[in-house]
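Written below as structure tokens is the structure these notes are about.
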Amino acid sequence: MKNNQTLYAAGILGILAILYYFTQTGEVDTKSIDSNMFRIDRNAISEVELINPNVSLVLLKAGTGWTLDDYPVDSVRMNQFLTLFSELTPDRMVTKNSDKYLKYEVTNEGVRFVAKAGDSQELLNLIIGKQGANYQETFIRAMSRDEVYAVKSSLTQYKNKTGRDFWDRSITGIDVYRVIKVVFSGETNYTIQRDGAVWTYNGEQVDFEKVTDMLRPLENMKASNFAEKIEAENTFYQVINIELEDGSTLELTFYLKDENGALLLVQVSGNDKIFEYSKSGLNRYKKELADLTANPQPES
């Protein structure tokens, strides 16, 4: 009797598990599926649109890179984005019943990924649906098809992206060996200048390698994020003026994001974006003359 009850309970649990699977992830398609139906040549893509009810992003190929709203896109993030969507492989067909589109969030009004070639020909027009119950798959539907498929890729992260998520967060992009003068004003105050292979700190000669090592992070400073604007209550913190061999200059102006916070807001000459940057990132420039003076030679 006890064994029969155990078997009966196990059977009920099995049925419930099957019902849960069908209601949460859909019906398993027993027919063969064309695994390449969504694959596209990423090298043929020249334009990508992410379309949702709140905002539509248009990313355009520009030479070897990409732009969004006439601003450079982060190459690493864009590469991951294009690779993910150009290599989608359907795991199974879930349904072709349009009454179930809302359940899987694949109605025509849903979030769409559209890839186009250079002649504006659509390579892929895909509706990004909800995440599956196992959190390792996403439901999708091509605008030109009735079937809803499950793919083993996490696409829902792109349903609420903004320009900030794609823009290049590089604050600077210079060659430290082309720098001939840097003026620090604000929290830190001094001038370093190069004449040939000789660096000076407020007119006093200092060690070439020590100065170069200190300045190296200026080559490619990266922001942690973008900010909307600098408000009147954002207190001035630091200015760094950089002059290069060709006579060009770059000015970085830093403000406190919060009076006692760890983030700074950065304005860069020739750039209309406002960056966020860690205050601790400027600590390396708090140098005295002794910090940059060459180490004394050991006595023989």
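Since the structure is predicted, the reported quantities are computational estimates derived from the model, not experimental observations. The analysis underlying the following values was restricted to heavy atoms, covering all of them including side chains, and did not include hydrogens, waters or symmetry mates.
Considering CD1 of I128 and CG of N52, their distance stands at 9.0 Å, rounded to 0.5 Å. Atom-to-atom distance recorded for L68:CG and D168:CG is 12.0 Å, nearest 0.5 angstrom. Here the CG atom belonging to L263 is positioned 9.0 Å from the CG atom belonging to N225, to the nearest 0.5 angstrom. Note that CD1 of I171 and OG of S224 are 8.0 Å apart. Values are rounded to the nearest 0.5 Å. Rounding to the nearest 0.5 Å gives a distance of 11.5 Å between CD of E147 and CD1 of I140. Here the OG-CG distance, from S278 to N283, works out to 8.0 Å after rounding to the nearest 0.5 Å.
Looking at T293 and E204, their side chains never come closer than 4.5 Å, going by heavy atoms from C-beta outward. Considering only heavy atoms from C-beta on, E251 comes within 4.5 Å of V239 through its side chain. You'll find the side chain of V58 reaches within 4.5 Å of the side chain of E47, heavy atoms only. In this structure, the side chains of I242 and I174 come closer than 4.5 Å at one or more pairs of heavy atoms. Looking only at side-chain heavy atoms (C-beta outward), F166 and D69 stay at 4.5 Å or farther from each other. Looking at I192 and L215, their side chains come closer than 4.5 Å, going by heavy atoms from C-beta outward. Side chains of L88 and S153 form a contact here, defined as non-hydrogen atoms less than 4.5 Å apart. For the pair Y158/F85, a side-chain contact is recorded, criterion being any heavy-atom separation below 4.5 Å from C-beta on.
Side chain of N234 to backbone of L256: a donor-acceptor contact under 3.5 angstrom is found. Side-chain atoms of N202 come within 3.5 Å of backbone N or O of T191 as a donor-acceptor pair. No donor-acceptor pair under 3.5 Å is formed between the side chain of R92 and the backbone N or O of I33. Here the side chain of T138 pairs a donor or acceptor atom with the backbone of L155 at under 3.5 angstrom. Side chain of S86 to main chain of L82: a donor-acceptor pair is present (N/O by atom type, distance under 3.5 Å, no hydrogens or angles). For the pair Y104 (side chain) and V94 (backbone), a donor-acceptor distance under 3.5 Å is absent. The main-chain N or O of T162 is found under 3.5 Å from a side-chain atom of D165 such that the two form a donor-acceptor pair. Put simply, the side chain of D258 never gets that close to the backbone of N260: no donor and acceptor are under 3.5 Å apart. Side-chain atoms of S46 do not come within 3.5 Å of backbone N or O of K61 as any donor-acceptor pair. Panel note: side chain Q193, backbone T200; no donor-acceptor pair is recorded below 3.5 Å.
Sparse packing is recorded around CG of D70, with 12 or fewer heavy atoms of other residues, nucleotides or ligands lying under 6.0 Å away. Counting non-hydrogen atoms of other residues, nucleotides and ligands closer than 6.0 Å to NZ of K286 gives a total above 12. Counting non-hydrogen atoms of neighbouring residues, nucleotides and ligands closer than 6.0 angstrom, the CG atom of L289 exceeds 12 such neighbours. Taking a 6.0 Å sphere around CD of E288, one finds it holds 12 or fewer heavy atoms contributed by other residues, nucleotides or ligands.
A pairwise comparison of heavy atoms in A142 and F38 identifies CB-CE2, 4.0 Å as the closest pair. Residues Q157 and K161 come closest through the heavy atom pair O-CE, 3.2 Å. Closest approach of P90 and M37 over heavy atoms only: CG-CG, 4.0 Å. The two atoms that bring L250 and T172 nearest to each other are CD2-CG2, 3.8 Å, heavy atoms only. The minimum heavy-atom distance linking V182 with V179 is given by the pair CG2-CG1, 3.5 Å. Minimum interatomic distance between Q267 and I230 (heavy atoms only, all atoms of both residues): CG-CD1, 3.4 Å.
In this structure, R141 satisfies the cation-pi test against Y101, with its NZ or CZ atom closer than 6.0 Å to the six-membered ring centre and inside 45 degrees of the ring normal. For the pair K273 and Y71, the distance from NZ or CZ to the six-membered ring centre is under 6.0 Å and the angle to the ring normal is within 45 degrees.
A salt bridge (Lys or Arg N to Asp or Glu O under 4.0 Å) with E105 is found for one member of K100, R112, K159 and no other, namely K159. In summary, of the residues considered (E49, Q121, E122), a side-chain hydrogen bond (donor to acceptor under 3.5 Å, both in side chains) with K116 occurs for E49 alone.
Hydrophobic cluster membership differs between M78 and I51, with clusters built from Ile, Leu, Val, Met, Phe, Trp and Tyr side chains linked at under 4.5 angstrom. Side-chain heavy atoms closer than 4.5 Å link hydrophobic residues (I, L, V, M, F, W, Y) into clusters, and following such links, even through other members, never connects F236 to Y190. With hydrophobic clusters built from ILVMFWY side chains whose heavy atoms lie under 4.5 angstrom apart, L126 does not share a cluster with V114. Hydrophobic clustering of Ile, Leu, Val, Met, Phe, Trp and Tyr side chains at less than 4.5 Å, counting indirect connections, unites L292 with V176. Residues L264 and I274 fall into different hydrophobic clusters, defined by Ile, Leu, Val, Met, Phe, Trp and Tyr side chains chained together at heavy-atom separations under 4.5 Å.
Looking at D246 and R178, a side-chain N of the basic residue comes within less than 4.0 Å of a carboxylate O on the acidic one, giving a salt bridge. Ion pair E187/K279 not flagged as a salt bridge, since none of the NZ, NE, NH1 or NH2 atoms sits closer than 4.0 Å to an Asp/Glu carboxylate oxygen. In this structure, E228 pairs ionically with R164, as a charged nitrogen and a carboxylate oxygen lie closer than 4.0 Å. Using a 4.0 Å cut-off between charged nitrogen and carboxylate oxygen, D195 and K181 do not count as a salt-bridge pair.
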Q: Starting from the C-alpha separation in whole Å, work towards a yes-or-no answer on side-chain contact (heavy atoms from CB on, under 4.5 Å) for Y237 and L265.
A: CA-CA 9 Å; Y237 183 76; L265 300 181; over 6 Å; no
Q: Any chance you could lay out the side-chain contact (heavy atoms from CB on, under 4.5 Å) test for T83 and R42, step after step, and finish with the verdict?
A: CA-CA 7 Å; T83 299; R42 58 166 294 171; 2.7 Å; yes
Q: Any chance you could lay out the side-chain contact (heavy atoms from CB on, under 4.5 Å) test for L84 and Q80, step after step, and finish with the verdict?
A: CA-CA 6 Å; L84 182 64; Q80 294 171 341; over 6 Å; no
Q: Go through L252 and F275 one step at a time and tell me if the side-chain contact (heavy atoms from CB on, under 4.5 Å) criterion holds.
A: CA-CA 11 Å; L252 313 177; F275 300 96; over 6 Å; no
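Centroid-to-centroid, the aromatic rings of Y285 and F184 come within less than 6.0 Å. Checked against the 6.0 Å centroid criterion, the rings of F139 and Y149 do not qualify as a close aromatic pair.
S170 and K222 form a side-chain donor-acceptor contact under 3.5 Å, judged by distance and modelled atom types alone.
Relative ring orientation between F208 and W199 is described as tilted, the plane-to-plane angle lying within the 30° to 60° band. Using a 30° and 60° split on the angle between ring planes, W167 and F226 fall in the perpendicular class, above 60°.
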